[in-house]
Amino acid sequence: MMSVVTDSPVHSSSSDDFIAFLDAALDANSPDASSDKEDGNQDEFESVRIKRRKFESVEETEGSTSEGTKERNLEASVEVDVCTHPGSFGHMCIRCGQKLDGDSGVTFGYIHKGLRLQDEEISRLRDTDMKNLLLRKKLNLVLDLDHTLLNSTHLVHLSSEELHLHTQTDSLGDVSKGSLFKLEHMHMMTKLRPFVRTFLKEANEMFEMYIYTMGDRPYALEMAKLLDPQGEYFNAKVISRDDGTQKHQKGLDVVLGQDSAVLILDDTEHAWMKHKDNLILMERYHFFASSCQQFGFNCKSLAELKSDEDETDGALSKILKVLKQVHCTFFDKLQDDLVVRDVRQVLSSLRSEVLNGCVIVFSRIFHGALPALRKMAEQMGATCLTELEPSVTHVVATDAGTEKSRWAVKENKFLVHPRWIEAANYFWQKQPEENFFLKKK
């Protein structure tokens, strides 16, 4: 009789087959292949279950008094009993097929429906992933969807000045050639951010990429089809709010990559409270009026203005340069051993150079906004003072008539709006002061 452990289609006694199985799941051919996987998963699940039944049946009915048979049965039984149960499909162990009680472990349903992994197995897989990534000179990149790579709206929320978009949408027959799509079955319209296709193509050379959205799974998969119609970038690595372990939060616990090798690109900082050191904050993309209203902006949308971000000098183009710099520093400039390098330290170091040498005094900034603005400036290497002195290079204010603002003009110092700091933070580069000069009203 063959042991369930060695006969399992999902796992071998050495766990190597499961790594191959999981890698195959991650390297599927398309982002919407999950439905096919789920069908395949049911076959695998049923196969394990059948083998488990056969094993138990043989154990119960085999009446031989042969000592050799008893020993083999005992060995098989012990082998099953000592299984560490690294994970499960449904309520069955992926290694031995034994039925398990409870729902322990972390769910990885975006890889395979019903898949759960225990901490030890997750740690081992992350170690394996890290070694493979470093060999290929790659890191992990987790990408948000809405306001980062694209902007979506319900059709009923289009403003009267946006109705012209109905006649300007691109064909869903070949989405690789378009950027504005009407998804009738979802009653939505989606606009891809300018430069996104070039961004994904070039980022793919440096990173294994995940999508991670607070949208539901059907929406996430539809957006993945628009961004990656050939399944070249994300494969099965599409994570939605249905896959998270914390409400209203995103976490790297459902990403099979070491935290030290993961970058996150998202427009919402508070979604990543446990992983701020991995985060590159994106300037939000507001193409539709509903998006502007959602964030309290009383202005016309890009669609209403019949305009858009610049293709070559927009947010994604600038961030791609940052990603290249981070990748280059991590692999080519650090002197220590690759396995102990940490992308979070690289990010912190690069960020601290953005406003290095700037000495800032704030004047009449709303008290609720001041702490965050000061912290932002200091993280970018600026020195923040509370009083004026000759070393001050910039006065940041919203009112050109304050005493400190007048001093800046008199002493030929830069007098800039707080958006100067925010822009530097978004683009990881000191911005021209003349674009943010504060003038008397």
Side-chain angles (χ1 to χ4, degrees), residues 147-148 263-284 295-297 313 315 318-319 321-323 325-326 329-330 333-334 342-441:
H147 307 109
T148 297
L263 291 176
I264 302 165
L265 201 59
D266 202 312
D267 68 286
T268 307
E269 183 179 30
H270 62 72
W272 295 97
M273 296 304 290
K274 293 184 178 180
H275 305 285
K276 288 184 178 181
D277 293 340
N278 299 79
L279 177 65
I280 297 177
L281 191 63
M282 279 294 294
E283 182 181 26
R284 287 194 174 106
F295 290 93
F297 294 121
D313 197 38
K318 291 181 182 294
I319 289 300
K321 295 174 185 176
V322 175
L323 294 177
Q325 192 176 6
V326 172
T329 301
F330 186 94
K333 293 185 178 180
L334 296 182
D342 195 322
V343 73
R344 294 167 293 193
Q345 295 175 2
V346 176
L347 274 184
S348 178
S349 177
L350 292 177
R351 183 183 278 117
S352 69
E353 298 173 5
V354 175
L355 294 182
N356 186 35
C358 296
V359 181
I360 297 173
V361 166
F362 294 94
S363 177
R364 203 172 292 178
I365 302 296
F366 175 61
H367 71 276
L370 183 56
L373 207 57
R374 179 188 295 273
K375 182 180 179 181
M376 190 182 294
E378 290 175 341
Q379 287 178 332
M380 290 187 286
T383 300
C384 297
L385 304 178
T386 56
E387 299 297 333
L388 297 171
E389 60 175 64
S391 65
V392 171
T393 59
H394 296 74
V395 172
V396 177
T398 55
D399 184 351
T402 68
E403 180 181 346
K404 291 175 181 177
S405 296
R406 293 196 300 269
W407 176 88
V409 174
K410 179 182 176 182
E411 297 296 325
N412 201 27
K413 308 291 185 177
F414 292 114
L415 176 60
V416 292
H417 192 277
R419 282 194 293 268
W420 174 74
I421 295 177
E422 294 169 352
N425 187 56
Y426 281 131
F427 299 132
W428 292 63
Q429 186 175 31
K430 183 171 171 284
Q431 299 298 294
E433 285 86 355
E434 57 267 24
N435 294 343
F436 300 87
F437 277 156
L438 194 64
K439 299 176 182 178
K440 286 187 177 181
K441 295 180 181 179

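- How far NE2 of H394 is from OG1 of T383: 12.0 Å, rounded to the nearest 0.5 Å.
- Nearest heavy atom pair, residue A397 against residue L438, reads O-CD2, 3.3 Å.
- F295 has its side chain within reach of R284: a pair of non-hydrogen atoms, C-beta onward, lies under 4.5 Å apart.
- By the 4.5 Å heavy-atom criterion applied to side chains, S391 and L385 are counted as neighbours.
- Heavy-atom minimum distance, A382 versus I360: CB-CD1, 3.8 Å.
- The shortest non-hydrogen separation linking F414 to A408 is O-CB, 4.4 Å.
- Counting non-hydrogen atoms of neighbouring residues, nucleotides and ligands closer than 6.0 angstrom, the CD atom of E389 exceeds 12 such neighbours.
- Evaluation of the salt bridge (Lys or Arg N to Asp or Glu O under 4.0 Å) test over residues 412-431, restricted to residues two or more places apart or in two chains, returns K430-E433.
- Scored by the salt bridge (charged side-chain N to carboxylate O under 4.0 Å, His left out) test, K318 finds D313 as partners (sequence neighbours excluded).
- Taking OG1 of T386 as the start and NZ of K404 as the end, the distance is 7.0 Å to the nearest 0.5 Å.
- Between F437 and L415, the closest side-chain pair of non-hydrogen atoms is not below 4.5 Å.
- Residues passing the ring pair (Phe, Tyr, Trp, His ring centres under 6.0 Å) test with W272 are Y212, sequence neighbours excluded.
- The shortest side-chain heavy-atom distance between V395 and L388 falls under the 4.5 Å cut-off.
- Taking both residues in full, the closest heavy atoms of F427 and A315 are given as CE2-CA, 4.0 Å, listed atom of the first, atom of the second, then distance.
- Pairs of residues two or more places apart, or lying in two chains, that qualify as side chain to side chain donor-acceptor pair (under 3.5 Å) and include a residue from residues 358-371 are S363-T402, R364-D399.
- For S405 against A400, the heavy-atom pair with the smallest separation is CB-O, 3.4 Å.
- Remark: the backbone N or O of Q429 is paired with a side-chain donor or acceptor of Q431 at under 3.5 angstrom.
- Here I264 contributes atom CD1 and N278 contributes atom CG; the two are 4.5 Å apart, rounded to the nearest 0.5 Å.
- The CD atom of Q379 lies 11.0 Å from the CG atom of L355; values are rounded to the nearest 0.5 Å.
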Candidate pair L347 and V326, rule side-chain contact (heavy atoms from CB on, under 4.5 Å), full reasoning:
CA-CA 7 Å; L347 274 184; V326 172; 3.8 Å; yes
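- In this view, H417 satisfies the ring pair (Phe, Tyr, Trp, His ring centres under 6.0 Å) rule with no residue, not counting sequence neighbours.
- Counting only residues at least two apart or on different chains, no salt bridge (Lys or Arg N to Asp or Glu O under 4.0 Å) pair has a member in residues 272-282.
- Considering every non-hydrogen atom in both L263 and V343, the closest pair reads CD2-CG2, 3.4 Å.
- S349 places no side-chain N or O within 3.5 Å of a backbone atom of Q345 that could act as its donor or acceptor partner.
- Counting heavy atoms from C-beta outward, W407 and V392 have side chains that approach closer than 4.5 Å.
- Rounding to the nearest 0.5 Å places CG of L323 at 6.5 Å from CD1 of I319.
- Two residues are said to be in side-chain contact when any heavy atoms from C-beta on lie closer than 4.5 Å; M380 and N425 meet this criterion.
- A heavy-atom distance below 4.5 Å is not found between the side chains of W420 and P432.
- Not a single donor-acceptor pair under 3.5 Å links the side chain of W428 to the backbone N or O of R351.
- Between L350 atom CG and Q325 atom CD the span is 4.5 Å, to the nearest 0.5 Å.
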